[in-house]
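Worksheet: the structure to be examined is printed underneath.
Here is the naming used below: chain letters follow the sequence lines, and residue numbers restart at 1 for every chain.
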Amino acid sequence: MNWDHKNIRSTFLRYFENNNHKVLNSYSLIPDNDPSLLFVAAGMVPFKAEFSGKVKPKYLRIATCQKCFRMDDIDNVGYTLRHHTFFEMLGNFSFGDYFKYESIHYAWDLLTNVYKLDPNKLWVSVHTDDDEAEEIWRSIVPSEKIVRLSDNFWGPAGLTGPCGPSTEIFYENFYCPNVNCKPGSECLECEKKERFIEIWNIVFTQYFKNEKGELIDLPQKNIDTGMGLERLARILQNKPTQYHTDLFYPILIKIEQFIEKDVEKVYNDFNIQFDLNNYLSKRDIYLNIVADHLRGAVFLISDGVIPSNDGRGYVLRKLIRRAILYSKFLGISKEFSHEIVDSVIEIFKDVYPEVYLRSEFSKKILNSEEKAFIKNISKGINYFNKIKEELIKNNIKVIDGKKAFYLYDTLGFPLELTIELAKNNGLRVDVDEFNKEMELQKIQSRQNKNDIKVFSINRQFKTEFVGYDKLKEQANIIAILKINSNKTLELLNEISNPEDDIILITDVTPFYAEAGGQVGDKGIIFNDNFKFQVIDTQKHVEGFIFHIGKLLQGYVKLGDKAYLEVDFYRRKLTAIHHTATHLLHSALRKVLGTHVYQAGSLVDYDRLRFDFTHFQAINDNELKNIEELVNEIILKELDVLIEYKPLNVALEEGAIALFTEKYPENVRTVKIMDDEFISYELCGGTHVKNTSFIGVFKIISEKSLQLGVRRIEAVSNLPLLSIFDKFYSIVNNLAALTNTDIDKIKDYISKIISDSKNLKQSIINLKKKYYQLLLDSIKFEDNNIININLLEEDDLLIVHDLIKIKNPNYIGIYNVQDTNKVIIIFNSTLKELLDIFSNYNLKLINLGNFKKVIINNFSNQEFFKDILYKIKQRN
RNA sequence: GGGGCUGUAGCUCAGUGGGAGAGCGUCUGCUUGGCGUGCAGAAGGUCGGGGGUUCAAGUCCCCUCAGCUCCA
């Protein structure tokens, strides 16, 4: 049997399809609206809600091969046989359908009868308290191959969520005569060589872990299993490591091609000493790291992650930079990362089309990150050299951890490199101190987490949104919350005084909560007894809606009926900008190309901001085309069609979805079309009914946001008018001031600027000539006092400069007429003069290469003669 | 979300409260049969923006904008 990765995957899915499972495609690596998770880290993550019983599952049995990403084990990647950042997990799931018995039998049947693994090499573990699971296993495997382990308990993914005891299946890589050497208690040697590899983890998901850490019985008993594709492939393909399987090997081969024969030279470029022994022993590890990270980066980029300095983008950046760093240790000097993309695609294009579709984009991103990182490294090396010189001067052998941390923290210079460089210079890095600094940084960062959306409340609420059709609605107040100064939330039964930082939750609301870039509504909530001003509306993670604001007057208590009224003009103008955003998006794709993806969006009542992927500056011509295209569609008076339909239907029809959003089964679509689609997006925002309502569209600015991402700000309708007013009055004022026509202001001002430069230069030239004439009439003897009439007080330097040309070390003693001051100017190199002046308590003023001394009321100063005398006597 | 750093000539960056600089690049002249080279000279600056302290701010303080970076 040829167990290539495609065959392993399809065999798994087909097996469960034959056992009445619905086979679903892998979900994106980016989890749905869950701020507690950066990435999908296990096959069950997309079904968290189904497991918890919050969502009724559409299918009771599901099987997937899910893309997963974990950063937790990154330090192990490459060093062990089993860790990866990006990996695939084969999983079968049951939501209240089959449980322990069937799941165990499915697993055993598939492994031994389909994949034909040798049953003698399989071991299993069950949770310490799980008699039932052990009982089931006893009928399948000999009892000496079953172990009970206390840590056989999985989950939750994130802080809260479904979890439960598990049973694991291990594959024995090699024989060990020690009878006590078992999974979970291997002998030291076997642990090192990874005798047992966990290939399948079956979780009996029957609990929900809440915020307090309590385990609560779930309404139904579930099965959640996960089998690492890479591990299974290693076994079935009989390879020494997972990197030798067809999931990695072509990537390794490609990377190896870039390793230069003259490795030493590459090391010298980075000021690192080359150590042949070290290089060879670490070669495989580094090769694995580079392959793993670049493979992972390609998948993250394909799912819409863009390198940035926070969140998911930051993880991606770190991943790419680590790959580049280790490529340097490997002996690769040229930019290579983008050239690896094709070999990743070659492996996965039939399985994950998104990887193939975004390949050009991935290459661009990798290459620009690589360039940026190299630039960083060279800055870091500059700083390192400074430290080094300082240390050598003071004869110190240790680079203190704070300096190493500065390199890392502020300059983004990897610690590994600092250590290497130090070694080569006979220095050592205080890594302990570095770690302390890192710990401090982490503690500090954790302190202020105050995203209101992730606040947990011990009760479930539900708010129905009716604001697409209505802007005013009556509703019941079902919760009152106070935001405390320490950013925690407190449930109240009533409030009676005017107070800020209050949140009201109602059962129904016309208020739109911030989502999809569109800002939350403002407005008022009121009845006969109170008036509450809503300054922002936010959606909580669990679905209900916060009306955030302040109580202006009266008192509110739980259960009150009240009217909710949205600020009409604000909402209307926001809708105008939202529809305009869709038109802009479509125009960008038309003018610039389909590599344009939305990378961020803000829709407010007075402007819109749209971030998108694009790699060059947009020229004026393109910008004009985009603007015209949008305005053209506004003039066409096209209807904006809102429809609800199944997600897959919408996607098949060509609707644009965001990579970073997870959509429900039934989605809301916003469509604008004439003969063909102009714009077709999945969107929950509020829109105008017809494009003509937008009125007019104007791009205000275009700039680079970060590498590969650009931002356009634009304004429509009335807010544009106020911007126009502002500019109009500025321009009018300028025209009036310069007494010119509006069209000619620019020419006029540039003429003034160049005139004034020329005038300045002329004046200086004239002054030089004038003073030269004065000086020509003076006979220079050493240290005589020059009586001089200055045109302006600052001109003295011009005079001194003129003298200096012929007498470089001239000590100028100037008696400035009409000011009763003597000013002495001399070259800073004449150090012997410094003491003379400071003995008389005279302040020396630095003037670049000169020192200046001012002596006021010199005619009354007896000591002046002494000074003159001493100046003459010097040397 | 929380820190750290940077912003000065086209580029890379110095700059201690006192005339805005260096190297590279550009231009001109000389050097050469011509191109390197060498020499001499020149152009090029809202010192990110705004406010404050000071006789005097690129430099100190506050605000702001932009970029880089680490952590969560």
Could you give the distance separating [M] and [N] at their [atom1] atoms, to the nearest angstrom?
| N | M | atom1 | answer |
| --- | --- | --- | --- |
| B:G48 | B:A57 | P | 15 Å |
| B:U16 | B:A72 | C1' | 39 Å |
| B:A43 | B:G36 | P | 24 Å |
| B:U32 | B:C68 | C1' | 47 Å |
| B:U69 | B:G17 | C1' | 31 Å |

For a quick check of understanding: with a heavy-atom distance under 4.0 Å over all strands, which category does A:K386 fall into, base, sugar-phosphate or nothing?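 The answer is sugar-phosphate, as A:K386 gets under 4.0 Å only of primed atoms, P, OP1 or OP2.
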Give one of base, sugar-phosphate or nothing for A:F405, where a contact means two heavy atoms less than 4.0 Å apart.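 Nothing, no nucleic acid heavy atom in range.
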Nearest nucleotide by nearest heavy atom, which residue falls closer to the 5' end of RNA chain B, A:N382 or A:Y408?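 Taking each residue's closest nucleotide, the earlier one in sequence belongs to A:N382.
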Mapping A:N376 and A:T410 to their closest nucleotides on RNA chain B, which lands nearer the 5' end?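 By nearest-heavy-atom nucleotide position, the 5'-most residue is A:T410.
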Ignoring hydrogens and geometry, is there a side-chain-to-backbone donor-acceptor pair from A:K539 to A:E514 under 3.5 Å?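 Pair absent, no side-chain N/O of A:K539 close to backbone of A:E514.
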Atom [atom1] of [X] and atom [atom2] of [N]: how far apart are they, to the nearest Å?
| X | N | atom1 | atom2 | result |
| --- | --- | --- | --- | --- |
| A:M71 | B:A72 | CE | C1' | 13 Å |
| A:K379 | B:G4 | NZ | P | 19 Å |
| A:E713 | B:C65 | CD | P | 12 Å |

Go through B:C13, B:A14, B:C5 for me and flag the one nearest to the A:Y406 side chain.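 Shortest atom-to-atom distance from the side chain points to B:C5.
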Taking pairing as Watson-Crick or G-U wobble with both contacts under 3.5 Å, can you name the mate of [N], or confirm there isn't one?
| N | result |
| --- | --- |
| B:A22 | B:U12 |
| B:G1 | B:C71 |
| B:A66 | B:U6 |
| B:G58 | none |
| B:A40 | B:U28 |
| B:G45 | none |

Does the B:G2 base have a donor-acceptor partner in the side chain of A:Q441 within less than 3.5 Å?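 By the distance-only test, yes, there is a pair.
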Any salt bridge (charged side-chain N to carboxylate O under 4.0 Å, His left out) pairs touching residues 376-390 of chain A, not counting sequence neighbours?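 Listed once each, the pairs would be none.
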Tabulate below the donor-acceptor pairs under 3.5 Å that side-chain atoms of residues 408-418 of chain A make, not counting sequence neighbours, or state none.
unit_1 : atom_1 : unit_2 : atom_2 : d
A:D409 : OD1    : A:Q441 : NE2    : 3.1
A:E416 : OE2    : A:Y326 : OH     : 3.1
A:T418 : OG1    : A:P414 : O      : 3.3

Tell me whether the rings of A:F434 and A:F405 are parallel (<30°), tilted (30 to 60°) or perpendicular (>60°).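 Judged by the thresholds at 30° and 60°, the geometry between A:F434 and A:F405 is perpendicular.
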Checking salt bridge (charged side-chain N to carboxylate O under 4.0 Å, His left out) against A:E369, which of A:K375, A:R321, A:K318, A:K364 comes through?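 In the set A:K375, A:R321, A:K318, A:K364, the residue that makes a salt bridge (charged side-chain N to carboxylate O under 4.0 Å, His left out) with A:E369 is A:R321.
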